[in-house]
Amino acid sequence: GTQKARTGRLKKPFVKVEDMSQLYRPFYLQLTNMPFINYSIQKPSSPFDVDKPSSIQKQTQVKLRIQTDGNKRGGIPIQLQLKEKKKKGYCECCLQKYEDLESHLLSEQHRNFAQSNHYQVVDDIVSKLIFDFVEYERDMPKKKRIKYSI
Ligand SMILES: [Zn+2]
């Protein structure tokens with residue numbers, strides 16, 4: 001169904017960016033409201049922040065959704081959840097997308113890379129630096145005398 005020719009005109013307002021050679025797919029931005037320089041908003045807020053009640057409502061909706069997720073996870077603080085959501089990404093070592101950073105770091109492919117000699121380029125640069133911190137000996141845990149109970 002997606003092969004069907006999709007023709008027409010973009011709904012206004014929009015921005016369309018296209019390479020002049022027309023070798024690549026154009027990309028679009030379509031918004032109901034284009035950015036507007038808001039001089040009346042308090043500094044240092046972005047002049048593109050909109051202080052309309054509608055945007056506040058949206059934010060509340062997002063928060064509500066996160067809270068619903070939280071119930072499933074058993075009450076993890078919202079801030080932690082937000083951090084977790086950012087853990088999606090792309091690994092430049094494995095050339096692989098991942099859904100969850102922590103579990104990717106534990107994958108066989110990544111651990112193989114992490115323990116390989118692929119970091120030689122980094123080590124070569126590090127070896128040119130001078131170590132001039134005070135290096136203390138490792139703090140040995142004081143051995144507690146074992147008390148024998150008779
Ligand atoms: Zn990786």
Side-chain angles (χ1 to χ4, degrees), residues 1-8 10-38 41-52 54-144:
T2 49
Q3 287 296 308
K4 206 168 97 183
R6 287 168 289 180
T7 59
L10 292 167
K11 220 171 139 190
K12 286 178 186 178
F14 67 85
V15 178
K16 177 181 174 181
V17 179
E18 195 174 14
D19 65 309
M20 284 165 73
S21 53
Q22 305 213 319
L23 289 173
Y24 302 98
R25 202 157 67 95
F27 59 94
Y28 313 98
L29 178 71
Q30 281 178 289
L31 300 167
T32 45
N33 294 306
M34 279 292 156
F36 157 82
I37 301 180
N38 183 357
I41 201 161
Q42 205 81 27
K43 272 197 230 174
S45 294
S46 162
F48 300 113
D49 274 355
V50 187
D51 47 1
K52 278 183 188 167
S54 64
S55 72
I56 293 164
Q57 222 169 26
K58 257 187 199 170
Q59 281 181 344
T60 322
Q61 278 170 0
V62 171
K63 271 183 192 166
L64 280 175
R65 202 172 57 222
I66 292 163
Q67 276 174 342
T68 328
D69 286 354
N71 291 342
K72 278 182 232 160
R73 291 156 176 265
I76 298 168
I78 290 165
Q79 285 232 309
L80 269 178
Q81 284 174 37
L82 288 176
K83 269 185 197 169
E84 268 181 52
K85 286 198 174 166
K86 282 183 193 165
K87 283 179 175 179
K88 240 186 200 185
Y90 179 74
C91 180
E92 292 180 327
C93 303
C94 307
L95 308 176
Q96 211 177 58
K97 271 190 189 176
Y98 54 81
E99 287 298 313
D100 173 51
L101 176 63
E102 295 287 330
S103 48
H104 175 72
L105 296 181
L106 295 174
S107 71
E108 199 185 330
Q109 191 180 3
H110 192 90
R111 283 194 313 191
N112 282 343
F113 189 98
Q115 284 157 17
S116 72
N117 55 10
H118 282 99
Y119 290 103
Q120 192 58 50
V121 284
V122 180
D123 290 337
D124 287 348
I125 295 167
V126 170
S127 70
K128 289 175 190 154
L129 305 176
I130 298 157
F131 180 87
D132 65 346
F133 294 105
V134 177
E135 191 176 17
Y136 287 104
E137 269 183 56
R138 185 184 272 230
D139 225 2
M140 288 297 182
K142 284 173 189 167
K143 275 182 188 168
K144 283 182 185 170

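Along the sequence shown, the residues carry numbers beginning at 1. Order of listing sets the numbers, starting from 1, for every ligand and every atom in it.
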Handout entry: Flag side-chain contact, heavy atom, 4.5 Å: L95 against Y90
Key = yes

Handout entry: N, O or S from C93 under 2.8 Å to the Zn ion (ligand 1)
Key = no

Practice task
Classify the ring geometry between H104 and H110 as parallel (under 30°), tilted (30 to 60°) or perpendicular (over 60°).
Solution key: perpendicular

Problem - Opening angle between SG in C94 and NE2 in H104, taken at the Zn ion (ligand 1), to 10 degrees - result: 110°

Handout entry: Shortest non-hydrogen separation from R111 to L106 and the atoms involved
Key = NE-O, 3.5 Å

Exercise for the section: Please report the shortest heavy-atom distance between D49 and N38, naming the atom on each side. Expected result: O-ND2, 3.2 Å

Problem - H110: its N/O/S atom lying closest to the Zn ion (ligand 1) (atom name) - result: ND1

